[in-house]
Amino acid sequence: GTTPVNIKGKPILSKTGGWLAAFFIFGNEMAERMAYFGLSVNMVTFMFYVMHRPFSSSANAVNNFLGISQASSVLGGFLADAYLGRYWTIAIFTTIYLLGLTGITLCATMHIFTPSQSQCDKLSILLGNCEQPKQWQMAYLNTVLYITGFGAAGIRPCVSSFGADQFDERSRDYKTHLDRFFNFFYLSVTIGAIIAFTMVVYIQMKYGWGSAFGALAIAMGMSNLVFFLGTPLYRHRLPGGSPLTRIAQVLVAAFRKRKVPFSDSDLVGLYELPGKRSAIKGSQKIEHTDDFRFLDKAALQLKEDGPNPSPWNLCTVTQVEEVKILLKLLPVPACTIMLSVVLTEYLTLSVQQAYTLNTHMGHLKLPVTCMPVFPGVSIFLILALYYYTFAPLARRITGHPQGATQLQRVGLGLVVSILSVAWAGAFERYRRNYAVRNGYEALFLSAMPDLSAYWLLIQYCLIGVAEVFCIVGLLEFLYQEAPDAMRSVGSAYAAVAGGLGCFVASILNNIVKAVTGNEAEGRNSWLAQNINYGRFDYLYWLLAVLSMINFCVFLFFAKRYKYR
C-alpha cells in the first residue's frame, strides 16, 4: 500500500530518491522561505513609506497575509493527499507563487500602482500628510499579495513531507536519515531567511523596492527550474483519496450507530478488510486502539450492514484509527501557536526598538531591517553543531538515539521561548527608562548613540534556539505520527499553527490597543506609535505569562501521548 512510485505511477524498486533527490527539494524550500521572509520584513516598510499607510495598519495587513498564507496550508495538504500527490501540488502552487511575486515586483516598479511620492518627506509620512493610495491601487497590491500567499499555502505542507518521502522506510538507517533530513530541511529554511534579511534588504537600500522584490521573483523562478530538473530522481506516494471524505464518513457512521451498544447481539465485530491490504490507497493497516471509543462505533459491523456496506454506514478500523490519530496529534501543534505569536511580535516590535538604538558594529552600520537576521544566524549555527554538541550530550543523559524524543525537543523549545520573551520585557523596560532619562522620549525614530542594538541579540538568539528545537521536532513528530495517507495534512498542522499565531498576534494587538489606550483622555496605549510613550515591556511580559500557561498545557498532553 505504501510502495513508492515514479512520476509515471510505476513502483520503484531501485535506489531512486535519497539525499540527492532531497537536495533538489531543499532548493525550492529555500527560495520559498526567502520570498516569505523577504516580504514579511520589507512589505511593512513598503506599505508605510511608499503606499503611505499607517505603521500599525501596515503591520496588521502583513500579519494577516502571513497568517492566511500559513493557515490555508491545510488546503494544499488536502489536495496533495487526496488527488494531486505532493509533487504535482508543489509544481502547481510554486508557479502560482511566482506569478504573485511578479505582480508585487510590477507594483513596486511601475508608478501607476503607487500614490505620488512628490513633497512627501519622512515628517509628512509620520503626520499622514502624504497622498493616500487609490482604492484600486490597494486592491491590486492586496490581490497579488494574496496570490503569493495562496501559492505558499500549497507548497508549505508538501515540501517537508515530499522530501521525507525520498527515504526508504525499509532501510535500517531510516530514522537516522529522517532525523537528519528535518534538521537539514530547517537549515535550508534558515539560509533562505538569512538571505532575505541581508541581501534582499541590501538590494532594496541600494537599488530600490522593484529590484528587491524582483530578486525574490528571480530566486523563485530559478528554484522552480532546479525542482523540475530533479523530477527523474523523485520517489512519489500515490494519493489516497480525499481525507476529508474519510473523516466525514467516520463521523457520520459513528453518529448513526451512537445508540448501538458494543454488546449488541447483532454485532459481528469491528470491520476490517481481510489480509494485509488496506482499503485506503497509500496506507498500511493501522491496529485498533482504545482511545476515543465513541468513534469505534463507525466500525461496528452489524448483520444488517450486509456484504457490501456503504462507507457512510460502516468504516474500516484503519479509517477510524486515522481520525483518532489526527485528533491525538492536534494538541501538540496547537501548543506551538504561542511560539508563533512571539515570533510575529518580534518581527514588528523589535524592529521598532532597533530604530531607537545604535546599530553600529565597529565602523559598519547595519540597517534596522537586517536585525531579524540574528535569529537565523543562531539557528544556522545550532543546526550546524547539533550532531556534535547537543545530540551526544543529550544521548548520555537520556539514552535516546537522537538525544531526545520529538516531544521533548518541542517542550525544550517552548521553555527557551519563555526565557526569550521574558528577557525582551526586561530589556525593553531598561531601554524605555533610558530614553526618558536622557531626553529621547519624543525622538522615537532617532538612535540613542550610547545604547547598542546588540542587546536585542539575546532575545533573538534565544528565540532562534527555541525555533530549532520546537519547529524541527514538531515537523518530524507530525510526519512520523500522521497516518500514511494523510502526511501532508499532518504537516499542514504545523503551518496552520504558524498562521493562527499571526492572527492571534493581530487580535492581541487590537485588544491591547483598545484596553490600554484612550485618545479622548490622552492616554497612550502599550503599542503607541511612539515606542517611548508606549509600554512594549508590559506586552512582552504578558506574552511571557501566556507562554508559561501554554507550556503547562503542553506538558499535560505530552505526558499522556503514546507514540505509534
What I want to check is whether the side chains of [X] and [Y] have a donor and an acceptor closer together than 3.5 Å.
| X | Y | answer |
| --- | --- | --- |
| Thr94 | Glu32 | no |
| Tyr561 | Glu481 | yes |
| Tyr479 | Asp165 | yes |

Quiz item: What do the steps show when you test Val332 against Phe557 for side chain to side chain contact (heavy atoms under 4.5 Å, CB included), and what is the final call?
Solution: CA-CA 7 Å; Val332 177; Phe557 286 105; 5.7 Å; no
Practice problem: Might you confirm whether atom CZ of Phe255 has over 12 heavy atoms from other residues, nucleotides or ligands at distances under 6.0 Å? | Solution: no
Quiz item: Taking atom CZ of Phe150 as the centre, does the number of heavy atoms from other residues, nucleotides or ligands within less than 6.0 Å exceed 12?
Solution: no
Using atom types as modelled and distance alone, determine if a side-chain donor or acceptor of [X] lies under 3.5 Å from a backbone N or O of [Y].
| X | Y | result |
| --- | --- | --- |
| Ser161 | Cys158 | no |
| Gln301 | Leu314 | no |
| Ser160 | Arg156 | no |
| Ser420 | Gln459 | yes |
| Thr405 | Gln408 | yes |
| Arg258 | Ala254 | no |

Quiz item: Considering residues at least two apart in sequence or located in another chain, which fulfil the salt bridge (Lys or Arg N to Asp or Glu O under 4.0 Å) criterion with Lys257?
Solution: Asp305
Could you check whether any side-chain heavy atom of [X] comes within less than 4.5 Å of a side-chain heavy atom of [Y], counting everything from C-beta outward?
| X | Y | answer |
| --- | --- | --- |
| Thr148 | Tyr36 | no |
| Leu187 | Asn183 | no |
| Asn550 | Leu546 | no |
| Met30 | Val189 | no |
| Arg246 | Glu322 | yes |
| Trp541 | Val545 | no |
| Val342 | Ile418 | no |
| Leu330 | Leu326 | no |

So, using side-chain contact (heavy atoms from CB on, under 4.5 Å) as the criterion, who are the partners of [X] when residues are at least two apart?
| X | result |
| --- | --- |
| Arg293 | Phe262, His288, Asp290, Asp296 |
| Ile92 | Leu84, Ile96 |
| Ser340 | Thr344 |

Can you name the closest pair of heavy atoms from [X] and [Y] and give their distance?
| X | Y | answer |
| --- | --- | --- |
| Ala196 | Gly38 | CB-N, 3.4 Å |
| Ala35 | Leu101 | CB-CD1, 3.9 Å |
| Thr318 | Ile286 | OG1-N, 3.2 Å |
| Phe182 | Ala164 | CZ-CB, 4.1 Å |
| Tyr346 | Ala424 | OH-CB, 3.6 Å |
| Gly163 | Ile25 | CA-CD1, 3.7 Å |

Exercise. Could you list the residues that satisfy side chain to side chain donor-acceptor pair (under 3.5 Å) with Ser350, not counting sequence neighbours?
Key: Tyr460
Taking atom [atom1] of [X] and atom [atom2] of [Y], what is their separation to the nearest 0.5 Å?
| X | Y | atom1 | atom2 | answer |
| --- | --- | --- | --- | --- |
| Leu508 | Ser506 | CG | OG | 9.5 Å |
| Ser188 | Glu29 | OG | CD | 5.5 Å |
| Leu412 | Leu407 | CG | CG | 12.5 Å |
| Ile337 | Phe503 | CD1 | CZ | 11.5 Å |

Quiz item: For Asp81 and Arg86, what are the C-alpha separation, side-chain angles and deciding distance, and is it a side chain to side chain contact (heavy atoms under 4.5 Å, CB included)?
Solution: CA-CA 7 Å; Asp81 284 339; Arg86 290 189 257 280; 3.2 Å; yes
Self-check item: Verdict with reasoning, Phe227 to Phe24, per ring pair (Phe, Tyr, Trp, His ring centres under 6.0 Å)
Solution: CA-CA 6 Å; Phe227 176 76; Phe24 278 97; 9.0 Å; no
Quiz item: Does the side chain to side chain donor-acceptor pair (under 3.5 Å) test come out yes or no for Tyr87 and Thr231, once each step is laid out?
Solution: CA-CA 9 Å; Tyr87 172 84; Thr231 298; 2.7 Å; yes
Side-chain donor-acceptor pairs of residues 466-478 under 3.5 Å, sequence neighbours excluded:
unit_1	atom_1	unit_2	atom_2	d
Glu467	OE1	Tyr186	OH	2.6
Glu476	OE1	Arg409	NH1	3.4
Glu476	OE1	Arg409	NH2	3.3
Glu476	OE2	Gln406	NE2	3.4

Self-check item: Result of checking Asn509, Val421, Val504 against Glu345 for side-chain contact (heavy atoms from CB on, under 4.5 Å)
Solution: Asn509
Quiz prompt | Positive for side-chain contact (heavy atoms from CB on, under 4.5 Å) with Tyr97, one of Ile155, Asn28, Ile90 | solution = Ile155
Practice problem: Would you please test Phe93 and Leu79 for side chain to side chain contact (heavy atoms under 4.5 Å, CB included) and show each step? | Solution: CA-CA 11 Å; Phe93 281 88; Leu79 290 174; 3.9 Å; yes
Quiz item: Under 6.0 Å between ring centres, would you say that holds for Phe181 and Phe184?
Solution: no
Quiz item: When the ring centroid of Trp19 is compared with that of Phe167, is the distance short of 6.0 Å?
Solution: yes
Quiz item: Is the Phe551 ring parallel, tilted or perpendicular to the Phe554 ring (thresholds 30°, 60°)?
Solution: parallel
Quiz prompt | Audit row: Ile458, Phe427, side chain to side chain contact (heavy atoms under 4.5 Å, CB included) steps and yes/no | solution = CA-CA 10 Å; Ile458 296 174; Phe427 175 70; over 6 Å; no
Quiz item: Could you walk me through whether Tyr540 and Trp423 pass the ring pair (Phe, Tyr, Trp, His ring centres under 6.0 Å) check?
Solution: CA-CA 9 Å; Tyr540 282 136; Trp423 164 262; over 10 Å; no
Quiz item: Would Tyr234 and Phe162 satisfy ring pair (Phe, Tyr, Trp, His ring centres under 6.0 Å), going step by step from the backbone distance to the final call?
Solution: CA-CA 9 Å; Tyr234 299 142; Phe162 189 52; 5.2 Å; yes
Exercise. Given salt bridge (Lys or Arg N to Asp or Glu O under 4.0 Å), test Lys562 with Asp291 step by step and report yes or no.
Key: CA-CA 11 Å; Lys562 294 179 181 178; Asp291 301 310; over 6 Å; no
